[in-house]
2 protein chains.
Amino acid sequence: MENILFDFISKYISLSEVEKNALLSLGLFHSVKKGTVLLKEGQKTQDSFFVLKGCIRVYYIIDGEEKTTAFYTEMDVLTPHCVINKAPSEYFISCVEDSILTVSNSDMGVEMNSKFPKFDIMCRMLSEELLAKQRIDFDKFKTTSPEQRYLNLLQKRPDLIQRVPQHQLASYLGIKPQSLSRLRARILEKKS
Amino acid sequence: MENILFDFISKYISLSEVEKNALLSLGLFHSVKKGTVLLKEGQKTQDSFFVLKGCIRVYYIIDGEEKTTAFYTEMDVLTPHCVINKAPSEYFISCVEDSILTVSNSDMGVEMNSKFPKFDIMCRMLSEELLAKQRIDFDKFKTTSPEQRYLNLLQKRPDLIQRVPQHQLASYLGIKPQSLSRLRARILEKKS
DNA sequence: GTGACTCGTTCACTTAAGTTAAGAAATGCG
DNA sequence: CGCATTTCTTAACTTAAGTGAACGAGTCAC
């Protein structure tokens with residue numbers, strides 16, 4: 001499991017054994033059961049998540065309905081908004097499957113960054129990359145129809161469609177579960 | 001004009017006179033005429049933009065049609081995707097109004113960062129903040145209807161509705177210009 | 001095993017966005 | 001100024017998403 005983390009980090013910086021050990025000594029690794037809520041609306045946290053195995057999702061409860069807006073799977077990083085802006089969270093985070101995560105609070109971040117300035121560089125590279133990527137995803141969302149978005153997801157993240165309940169996928173695609181059902185039927189019909 | 005930039009930076013780090021002068025010596029400031037295209041699809045660039053005055057937009061040309069997906073106004077920062085991933089740009093960037101920008105290429109960034117490590121910290125803080133903010137914007141987009149999105153924009157960025165052509169606003173809201181027109185008429189009718 | 005829930009699908013109906021086209025209003029340019 | 005172009009609005013029609021309801025399949029708890 002450690003190697004997944006180190007492989008990920010090695011895309012940005014190279015770590016010495018000393019640094020690796022410092023990182024491991026923080027006790028980052030956590031097993032989390034399916035359904036566990038990691039963060040609730042209104043709560044504050046300092047924890048960021050890195051998914052080693054499994055899947056977590058971000059969702060809102062609007063008019064009593066769950067609206068899932070993001071999924072994070074293997075090798076994805078999630079720093080909640082409330083960690084950045086110090087305000088209560090606008091959304092929930094929960095486990096879609098039994099998962100293994102690294103959970104790092106900002107104290108650890110501060111400690112690692114002061115000992116090893118490299119980590120700051122990595123965090124900068126990572127967040128710049130994620131920002132630019134998310135910009136592209138957002139643009140794609142704006143410029144495509146629900147059907148195109150579904151077909152696109154089928155291409156880019158086919159695993160998600162298998163491992164995640166349809167009604168969560170629907171709001172992720174910006175539509176209602178019934179519309180997703182219909183849209184899928186429509187696509188099947190076209191193929192035949 | 002320099003003070004706008006320094007005020008912005010001071011939200012993240014404090015600069016000495018030496019550092020301020022080093023920054024000014026880079027010759028960052030540029031006046032750009034309305035309509036100027038700063039980046040074309042397929043091009044590569046190392047330039048990032050900070051808007052001191054005016055407005056720039058990101059757009060795609062899909063099936064011969066312009067699709068505007070983002071506007072950057074006073075105090076906004078835009079680092080194109082192609083600066084991060086070194087691939088040709090997927091989108092265009094152009095000036096909506098006569099604008100004053102700072103344009104900084106990554107060589108300057110490298111130079112400033114090596115002389116003054118503080119800048120790295122600032123860049124990290126900034127991109128983390130923008131990433132989290134954009135996540136919220138994206139979520140809001142997914143969970144609201146075009147009409148709600150328009151009303152929301154009216155609240156959050158009323159200036160945009162004044163200074164930007166409707167057809168660009170429409171695709172920014174994820175709809176066609178005709179739908180925006182109709183939607184506005186619908187809202188006016190409700191009020192009366 | 002039975003009843004309560006959740007989940008996905010289907011249907012009929014409503015509502016709003018896409019499409020195509022036309023014309024009015026505003027803007028830009030020679 | 002006047003002509004051309006762009007921008008915005010309106011309208012009629014098509015298409016697809018939202019809504020409310022019902023049903024069957026699967027899951028969970030007792």
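Reminder, nothing fancy here: chain letters follow the sequence lines and each chain counts from 1.
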Discussion item. Quick test of your reading of the model: are B:Asp120 and B:Arg124 salt-bridged, counting only N-O distances below 4.0 Å?
Written reply: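 Salt bridge between B:Asp120 and B:Arg124, a charged N being under 4.0 Å from a carboxylate O: no.
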Worksheet item: Is it true that A:Asp137 and A:Lys133 have a side-chain N and a carboxylate O under 4.0 angstrom from each other?
Response: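 No salt bridge links A:Asp137 with A:Lys133.
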Fill in: Test applied, side chain to side chain contact (heavy atoms under 4.5 Å, CB included); reference residue, A:Lys44; option that passes from A:Cys82, A:Pro80, A:Pro88
A:Pro88
Response to the item:
Per-nt protein contacts along nucleotides 8-22 of chain C (heavy atom under 4.0 Å; B base, S backbone sugar-phosphate only, - none) come out as SBB-----SBBSB--
Practice prompt. Sugar-phosphate atoms are those with a prime plus P, OP1 and OP2; base atoms are the rest. Using that split, label each nucleotide of nucleotides 22-30 of chain D B, S or - for protein heavy atoms under 4.0 Å, 5' to 3'.
Written response: ---------
Please set out all donor-acceptor pairs under 3.5 angstrom arising from side-chain atoms of residues 8-15 of chain A, sequence neighbours excluded.
{"residue": "A:Ser10", "atom": "OG", "partner": "A:Asp7", "partner atom": "O", "Å": "2.7"}
{"residue": "A:Tyr12", "atom": "OH", "partner": "A:Glu129", "partner atom": "OE1", "Å": "2.9"}
{"residue": "A:Tyr12", "atom": "OH", "partner": "A:Glu129", "partner atom": "OE2", "Å": "3.4"}

Worksheet item: In what stems does DNA chain C take part, counting only runs of at least 3 consecutive Watson-Crick or G-U pairs whose two distances fall under 3.5 Å?
Response: C:1-30 with D:1-30
Discussion item. Please enumerate all residues that pass salt bridge (charged side-chain N to carboxylate O under 4.0 Å, His left out) together with B:Arg163, with sequence neighbours excluded.
Written reply: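 Salt bridge (charged side-chain N to carboxylate O under 4.0 Å, His left out) check on B:Arg163 returns B:Glu74, B:Glu97, B:Asp159.
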Worksheet item: For B:Arg182, what residues pass the salt bridge (charged side-chain N to carboxylate O under 4.0 Å, His left out) criterion, not counting sequence neighbours?
Response: none
Worksheet item: Of all residues at least two apart in sequence or in a different chain, which pass the side-chain contact (heavy atoms from CB on, under 4.5 Å) check with B:Ser145?
Response: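 Result, side-chain contact (heavy atoms from CB on, under 4.5 Å) vs B:Ser145: B:Glu147, B:Gln148.
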Just the table, please: protein N/O against nucleotides 25-30 of chain C N/O, every pair under 3.5 Å.
none

Worksheet entry | Listed once per pair and sorted, the ring-ring contact (aromatic ring centres under 6.0 Å, His included) pairs that draw on residues 155-184 of chain B, sequence neighbours left out | B:Phe71-B:Tyr172
Discussion item. List the residues meeting ring-ring contact (aromatic ring centres under 6.0 Å, His included) with B:Tyr91, not counting sequence neighbours, and say none if there are none.
Written reply: B:Tyr60
Item to complete: List for me each residue that meets ring-ring contact (aromatic ring centres under 6.0 Å, His included) alongside B:Phe92, sequence neighbours excluded, and say none if there are none.
Response: B:Tyr59
For a quick test of your reading: what N or O donor-acceptor pairs under 3.5 Å do the side chains of residues 23-36 of chain A make, sequence neighbours left out?
{"residue": "A:Ser25", "atom": "OG", "partner": "A:Ala22", "partner atom": "O", "Å": "2.7"}
{"residue": "A:Thr36", "atom": "OG1", "partner": "A:Lys33", "partner atom": "O", "Å": "2.5"}

